[in-house]
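Numbering of residues begins at 1 and proceeds along the displayed sequence.
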Amino acid sequence: LLHRTNRSTQGDVGVVLCSAWGVDELSSRKTMFRLASQLADAGYPTLRFDYPGTADATMDGSAGLAEWIGATAEAIDQLKATCGLQSVVLIGLGLGATVAMLAAEHREDVSALVLAAPVVSGRRFLREIAISASIIEEGLGLKPGQRPSGVTIAGIIMPPAVAEALSKLDLTKEILDRRRPVLILARKSQPQDAALADHLSNQGWQVDQAEFEGYDEAMENPTVSILPVNAIRRITEWTCRAAPQSGSTSITTLHPVQV
């Protein structure tokens with residue numbers, strides 16, 4: 001889904017949003033929509049898309065995490081071609097932050113990254129899914145044997161090849177050579193977020209780190225999620241600074257985020 005800017009002049013930078021997965025994706029749909037709208041209002045055409053094997057995507061995700069990374073690359077190319085852009089900012093939430101980080105390693109046209117609540121350790125993430133799935137099933141009165149095989153939560157099944165790739169992934173052990181400005185929105189309860197920021201700083205990245213305000217309220221439940229207004233504004237303002245549109249001579253005026 002493309003969110004076009006309503007400005008009379010077209011800039012040369014756009015944004016691709018990489019979504020979370022599972023219940024997190026459901027809970028954050030409103031957040032990602034508002035973020036895309038805010039970025040478009042600030043002059044950045046913004047594209048949202050689905051990974052293979054999820055939501056409305058046509059492919060099944062059988063090629064694993066590499067297929068999700070490839071889908072992100074296709075989204076970048078499509079946005080650039082459609083809007084006549086030179087570069088993009090990748091913004092990812094949850095597992096989407098991990099996908100964005102890995103996709104950027106293969107691109108020279110990604111000018112900046114935003115990693116919001118990134119999945120740093122794939123193995124830890126898979127364990128958390130299993131625990132959360134058990135809690136949900138217990139609340140619904142389901143028996144463990146009624147759960148589909150593989151990595152699944154609330155009836156949402158992760159493509160097995162994606163789960164296999166995640167079980168071997170740890171971003172703090174990756175050598176990430178394509179350095180670019182990055183904003184990490186970290187959760188207080190998850191020290192691995194800050195560990196990733198330190199890891200990138202030690203590799204010479206230009207890292208800005210801030211607390212992900214309102215994360216728990218935004219991700220707790222799809223039916224009662226609350227927009228993380230401050231986080232949306234912080235991401236938009238940082239994007240304007242880190243990847244300004246060519247010829248921009250004035251400070252962008254942002255409209256208030258509507259709750």
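- Closest non-hydrogen pair, Leu171 versus Leu196, comes out as CB-CD1, 3.9 Å.
- Side-chain atoms of His3 do not come within 3.5 Å of backbone N or O of Leu35 as any donor-acceptor pair.
- To the nearest 0.5 Å, the span separating CG on Asp216 from OG on Ser27 amounts to 11.5 Å.
- You'll find the side chain of Leu95 stays beyond 4.5 Å of the side chain of Tyr51, heavy atoms only.
- If you chain together hydrophobic residues whose side chains sit under 4.5 Å apart, Ile157 and Leu65 never meet in one group.
- The CZ atom of Phe212 sits 7.0 Å away from atom CE of Met219, with the distance rounded to the nearest 0.5 Å.
- In this structure, the separation between CD on Gln206 and CG on Leu183 is 11.0 Å, given to the nearest 0.5 Å.
- Nearest heavy-atom pair across Pro52 and Trp68 is O-NE1, 2.8 Å.
- You'll find the side chain of Pro181 stays beyond 4.5 Å of the side chain of Asp208, heavy atoms only.
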Pair Lys188-Tyr215, side chain to side chain contact (heavy atoms under 4.5 Å, CB included): steps then yes or no = CA-CA 10 Å; Lys188 287 183 177 181; Tyr215 173 81; over 6 Å; no
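- To the nearest 0.5 angstrom, Thr72 atom OG1 is 11.0 Å from Leu17 atom CG.
- Distance alone, capped at 3.5 Å, is enough to place a donor-acceptor pair between the Gln245 side chain and the Asp12 backbone.
- Thr5 places a side-chain N or O within donor-acceptor distance of the main-chain N or O of Ala40, the cut-off being under 3.5 Å.
- Between the side chain of Ser167 and the backbone N or O of Glu164 there is at least one donor-acceptor pair closer than 3.5 Å.
- Judged by distance alone, the side chain of Gln203 and the main-chain N or O of Glu174 form a donor-acceptor pair under 3.5 Å.
- Between the Gln38 side chain and the Ile232 main chain, no donor and acceptor come within less than 3.5 Å of each other.
- Arg180 contributes no side-chain N or O that, together with a main-chain N or O of Ser111, makes up a donor-acceptor pair within less than 3.5 Å.
- Put simply, Ile235 and Phe33 are part of two different groups of oily side chains (I, L, V, M, F, W, Y) that touch within less than 4.5 Å, one to the next.
- Taking CD of Gln192 as the reference point, atom CZ of Arg124 lies at 4.0 Å (rounded to 0.5 Å).
- Although no hydrogens or angles enter the test, the distance criterion places no donor-acceptor pair under 3.5 Å between the side chain of Trp21 and the main chain of Gly96.
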Please test Leu39 against Ile91 for side chain to side chain contact (heavy atoms under 4.5 Å, CB included), starting from the C-alpha separation and ending with a verdict.
-> CA-CA 11 Å; Leu39 288 162; Ile91 300 176; 3.8 Å; yes
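- Side chain of Asp193 to main chain of Arg187: a donor-acceptor pair is present (N/O by atom type, distance under 3.5 Å, no hydrogens or angles).
- Under a 3.5 Å cut-off, the side chain of Thr54 and the backbone N or O of Asp50 do not form any donor-acceptor pair.
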